[in-house]
Colleague: 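Have a look at this one.
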Amino acid sequence: MSSNDSGLRFQADEKPPMPLVLILGLQLTALSVSATILITTVVMRAAGQGEAYLAWAVFAAVAIGGASTMLQAFRLGRFGMAHVLMMGSSAAFIAVCIEALAAGGPGMLATLVVVSALFQFLISDRLSLFRRVLTPTVTGTVLMLIPVSVMSPVFRLLEDVPPGSQVSGAPLSALVTLLIICGLTLKATGALRLWAPVIGIVAGSLVAALFGLYDTVRVAEASWIGLPRVEWPGLDFGFGPVFWALLPGFLMAAMIGAIRTISSAVAIQRVSWRSTRAVDFRAVQGAVAADGLSNLLSGLAGTVPNTSYTTGVSLAQLTGVAARHVGVAAGAVFLALAFLPKALAVVLAIPGPVFAAYLLIMMAILFMVGVQMFLQDGIDYRKSLIVGVAFWLGVAFQSGVVFPEFFSEFAGGLMNNGMTAGGLVAIIMTLFVEMTEPRPSRTEAALDPSDLPRLKKFLGRFASANGWPGEMAHRLGAACEEILLTLLRQGEGEEQSGRRRLVLLAKKAGSGAVLEFIVATGEGVNLEDQVALLGERTEETVIEEEVSLRLLRHLASSVRHQQYHGVEVVTVSVEPPKPVSGEQA
């Protein structure tokens with residue numbers, strides 16, 4: 001198993017010192033809470049809502065964001081993923097939320113958000129059905145487009161200074177922040193590298209304060225503890241024309257939010273372990289389920305829906321700390337800020353240019369995480385085309401140069417967001433490839449050794465139909481046998497309500513074949529990880545159970561094991577045997 005080689009100091013299941021946990025939690029909160037407040041404020045003010053409802057909506061958004069961040073850091077049943085995954089208000093919902101408030105009021109907004117949350121529960125529960133669409137190529141592209149979608153407002157923060165302030169204050173504070181964070185991250189080691197973002201932000205804020213850019217008045221006027229007046233809007237159960245007209249836009253935004261959460265959940269797993277591991281899709285399902293739960297709470301409270309933020313991914317790579325305790329601390333601080341207006345004001349008073357410099361570094365790192373994601377899954381001309389077209393169309397839509405007279409109003413303006421537009425393009429192209437592929441050969445059997453001869457006979461017919469010699473049929477049958485035996489061994493000792501069923505799909509791919517084994521899950525260890533681990537073990541450590549894995553590694557060019565709640569999928573690529581030396585191909 002290969003190493004991530006990322007200089008990771010604390011992986012997901014380790015506990016860093018408490019001061020470090022709190023400092024990193026504060027960093028994550030500072031970025032996430034500002035985005036949550038900004039998005040919620042923009043929606044409410046654009047829709048013409050009063051100050052009382054605005055205060056309630058912001059309070060609810062911050063409180064729910066903190067609670068759901070803590071839930072993501074745990075794993076309670078099927079909710080959460082036990083990784084650092086920040087939650088906060090979703091920019092993908094801005095346009096449709098404004099329209100819902102304007103057309104039907106807070107009650108209509110609440111109802112539509114609740115329905116979209118139920119849709120996300122469905123996606124989480126049936127994520128295995130979406131595996132051919134929400135691939136690493138799609139999720140990697142979405143991650144690459146997140147920086148594209150936010151860079152314009154990030155750069156606008158460079159000019160977010162009080163009127164009449166000195167011209168040199170903004171660029172100097174941003175430059176100091178950027179140079180200190182980059183310099184310490186590139187050259188510092190040990191604890192100093194961990195503190196690079198904090199040192200950079202503090203130094204940039206001090207420079208900004210010298211020019212009068214730090215808003216001390218906001219901090220001074222804010223109360224220490226306080227709650228807004230409850231402005232609960234209730235739910236609108238009229239289900240009239242306005243509801244049905246707005247529902248498609250909310251469902252599309254919910255899907256984009258789920259894709260972003262899936263991308264973030266996969267990415268945080270990639271950077272949270274010292275050794276490369278197969279993606280745990282049960283954890284991904286937990287992340288989407290927690291996302292849906294937070295949106296259900298947001299709907300019931302009458303505020304803007306949530307999504308996952310990718311700041312935890314960037315911070316883990318920047319500092320080398322991916323411990324889930326950081327997520328717990330960040331969520332707790334996030335939640336506490338909802339009740340501490342003065343502490344909230346200290347964070348919000350950080351000047352825009354300082355935030356911009358920090359976000360620039362975070363988004364650059366996130367872009368490269370997206371690149372690494374689709375490259376690790378293997379790249380061919382199809383995937384290259386999907387990524388290239390989707391990415392540049394996302395950039396074009398974000399820039400508003402693609403038929404703006406039509407797409408600016410399409411689906412409530414969703415296509416104005418580069419992440420949304422590019423993600424949909426990647427999904428459509430992936431669906432086209434899947435739908436135009438020849439249908440695979442299929443058979444069903446019991447997950448039992450007694451059905452192995454029937455499976456081998458099926459694979460023999462498949463090999464013959466594709467013109468492969470008998471050696472290929474034997475190779476396919478041997479790979480099938482090793483997969484079957486390994487899955488059976490993993491299920492030993494587990495209570496089963498009956499014999500588990502196996503669905504075997506076989507299709508030609510290039511010069512070889514791809515076999516897909518779909519079975520009811522036994523919640524065993526990941527086969528992909530087991531095969532990869534063999535490369536790190538010496539011959540003296542070989543045990544009897546590893547024989548099948550070693551044979552499988554010899555027979556298959558790749559093994560991918562996706563584990564979901566209720567089902568697991570093992571995909572095996574098998575190439576025809578190479579002719580021996582001196583033999584004609």
Colleague: State whether the side chain of Asn466 and the backbone N or O of Phe462 hold a donor-acceptor pair below 3.5 Å, judged by distance alone.
Modeller: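 Looks like yes, one N/O pair under 3.5 Å.
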Colleague: At their closest point, which heavy atom of Ile386 faces which heavy atom of Thr430, and how far apart are they?
Modeller: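 Heavy-atom minimum between the residues: CD1-OG1, 3.9 Å.
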Colleague: Side-chain contact test, heavy atoms from C-beta onward, threshold under 4.5 Å: evaluate it for Val570 versus Val519 and give yes or no.
Modeller: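 The answer is no; the side chains never approach within 4.5 Å.
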Colleague: Give the minimum heavy-atom separation between Cys480 and Leu459, together with the two atoms involved.
Modeller: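 The answer is CB-CD1, 3.5 Å.
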Colleague: Any heavy-atom pair between the side chains of Pro305 and Cys97 that's under 4.5 Å?
Modeller: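 They are in contact (side-chain heavy atoms under 4.5 Å apart), so the answer is yes.
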Colleague: Just verifying a value: how many Å separate Arg282 CZ and Glu568 CD, rounded to the nearest 0.5 Å?
Modeller: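 Going from CZ on Arg282 over to CD on Glu568, the span is 8.0 Å.
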Colleague: Using the test side chain to side chain contact (heavy atoms under 4.5 Å, CB included), find all partners of Ile428 that sit at least two apart in sequence or belong to another chain.
Modeller: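 Result, side chain to side chain contact (heavy atoms under 4.5 Å, CB included) vs Ile428: none returned.
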Colleague: Which atom pair, heavy atoms only, marks the closest approach of Asp13 to Arg324?
Modeller: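 For Asp13 versus Arg324, the nearest heavy atoms are CA-NH1, 3.6 Å.
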Colleague: What's the separation between atom OG in Ser90 and atom OH in Tyr309, rounded to the nearest 0.5 Å?
Modeller: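 Answer rounded to 0.5 Å: 7.5 Å.
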Colleague: When rounded to the nearest 0.5 angstrom, what distance separates CE in Met81 from CD in Gln269?
Modeller: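 Rounded to the nearest 0.5 Å, the CE-CD separation comes to 4.0 Å.
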Colleague: Counting C-beta onward and ignoring hydrogens, is there a side-chain heavy-atom pair between Leu484 and Leu502 closer than 4.5 Å?
Modeller: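 Side-chain contact under 4.5 Å: yes.
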Colleague: Mind listing the closest non-hydrogen atom pair of Gly327 and Val84 along with its distance?
Modeller: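 Distance-wise, the nearest heavy atoms are N-CG2, 3.7 Å.
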Colleague: Heavy-atom count check: over 12 atoms from other residues, nucleotides or ligands less than 6.0 Å from Arg454 CZ?
Modeller: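 Check passes, neighbour count above 12.
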Colleague: Verify, without hydrogens or angle tests, whether His325 (side chain) and Ala323 (backbone) share a donor-acceptor contact under 3.5 angstrom.
Modeller: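 Looks like no, no N/O pair under 3.5 Å.
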Colleague: Please test Met144 against Phe367 for side chain to side chain contact (heavy atoms under 4.5 Å, CB included), starting from the C-alpha separation and ending with a verdict.
Modeller: CA-CA 5 Å; Met144 292 166 60; Phe367 178 86; 3.9 Å; yes
Colleague: How about Phe239: does its CZ atom have over 12 heavy atoms from other parts shown lying under 6.0 Å from it?
Modeller: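 Counting neighbours around CZ of Phe239, more than 12 heavy atoms of other residues, nucleotides or ligands fall under 6.0 Å, so yes.
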Colleague: Ignoring hydrogens, what is the shortest heavy-atom contact between Leu515 and Ala506? Give both atom names and the distance.
Modeller: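 In this case the closest contact between Leu515 and Ala506 is CD2-CB, 3.6 Å.
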Colleague: When rounded to the nearest 0.5 angstrom, what distance separates CG in Asp125 from CD in Gln120?
Modeller: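 If we round to the nearest 0.5 Å, Asp125:CG and Gln120:CD are 13.5 Å apart.
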Colleague: Can you find a heavy atom in the side chain of Ser68 that is under 4.5 Å from one in the side chain of Leu293?
Modeller: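 Contact flag for Ser68/Leu293 side chains = no.
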Colleague: Is a side-chain N or O of Ser116 found less than 3.5 angstrom from the main chain of Val113, in a donor-acceptor match?
Modeller: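 Yes.
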Colleague: Any donor and acceptor pair, going by atom type alone, linking the side chain of Arg475 with main-chain N or O of Glu575 inside 3.5 Å?
Modeller: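 Such a contact is found between Arg475 side chain and Glu575 backbone.
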Colleague: Go through it in stages, so that I can follow the logic: the residues are Leu393 and Phe391, the test is side chain to side chain contact (heavy atoms under 4.5 Å, CB included), and I'd like the CA-CA distance, side-chain angles, deciding distance and then a yes or no.
Modeller: CA-CA 6 Å; Leu393 277 178; Phe391 178 80; over 6 Å; no
Colleague: Taking the side chain as C-beta and beyond, is there a heavy-atom pair between Ser272 and Gln11 under 4.5 Å?
Modeller: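 With C-beta onward as the side chain, the pair stays apart.
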Colleague: So, do Ser124 and Tyr564 sit near enough that their side-chain heavy atoms are less than 4.5 Å apart?
Modeller: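 Side-chain contact under 4.5 Å: no.
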Colleague: To the nearest 0.5 angstrom, please state how far the CG atom of Leu476 sits from the CD atom of Glu481.
Modeller: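 Leu476 CG to Glu481 CD: 13.0 Å, rounded to 0.5 Å.
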Colleague: Any side-chain heavy-atom pair from Ser441 and Leu505 closer than 4.5 angstrom?
Modeller: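 Sidechains of Leu505 and Ser441: no contact.
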Colleague: List the atom pairs, donor and acceptor, that lie under 3.5 Å between side-chain atoms in residues 70-79 and the rest of the protein, sequence neighbours left out.
Modeller:
residue	atom	partner	partner atom	Å
Gln72	NE2	Ala287	O	3.1
Arg75	NH1	Asp280	OD2	3.4

Colleague: For Arg560 and Val569, run side chain to side chain contact (heavy atoms under 4.5 Å, CB included): C-alpha distance rounded to whole Å, both residues' side-chain angles, the deciding distance at 0.1 Å, then the answer.
Modeller: CA-CA 8 Å; Arg560 188 180 184 194; Val569 182; over 6 Å; no
Colleague: Quick one: pull up CZ in Arg442 and CG in Leu504 and give me the separation to the nearest 0.5 Å.
Modeller: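 Atom-to-atom, Arg442:CZ and Leu504:CG are 10.0 Å apart.
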Colleague: Strictly distance-based, threshold 3.5 Å: is any side-chain N or O of Asn306 a donor or acceptor partner for the main-chain N or O of Met87?
Modeller: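 No, because the side chain of Asn306 does not come within donor-acceptor range (under 3.5 Å) of the backbone of Met87.
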Colleague: Do Val114 and Leu296 touch side chain to side chain, with heavy atoms closer than 4.5 Å?
Modeller: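 Yes - at least one pair of side-chain heavy atoms lies under 4.5 Å apart.
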Colleague: Return the minimal non-hydrogen interatomic distance between Leu247 and Val115, and the atom names on each side.
Modeller: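 Where Leu247 meets Val115 most closely, the heavy atoms are CD1-CG1, 3.7 Å.
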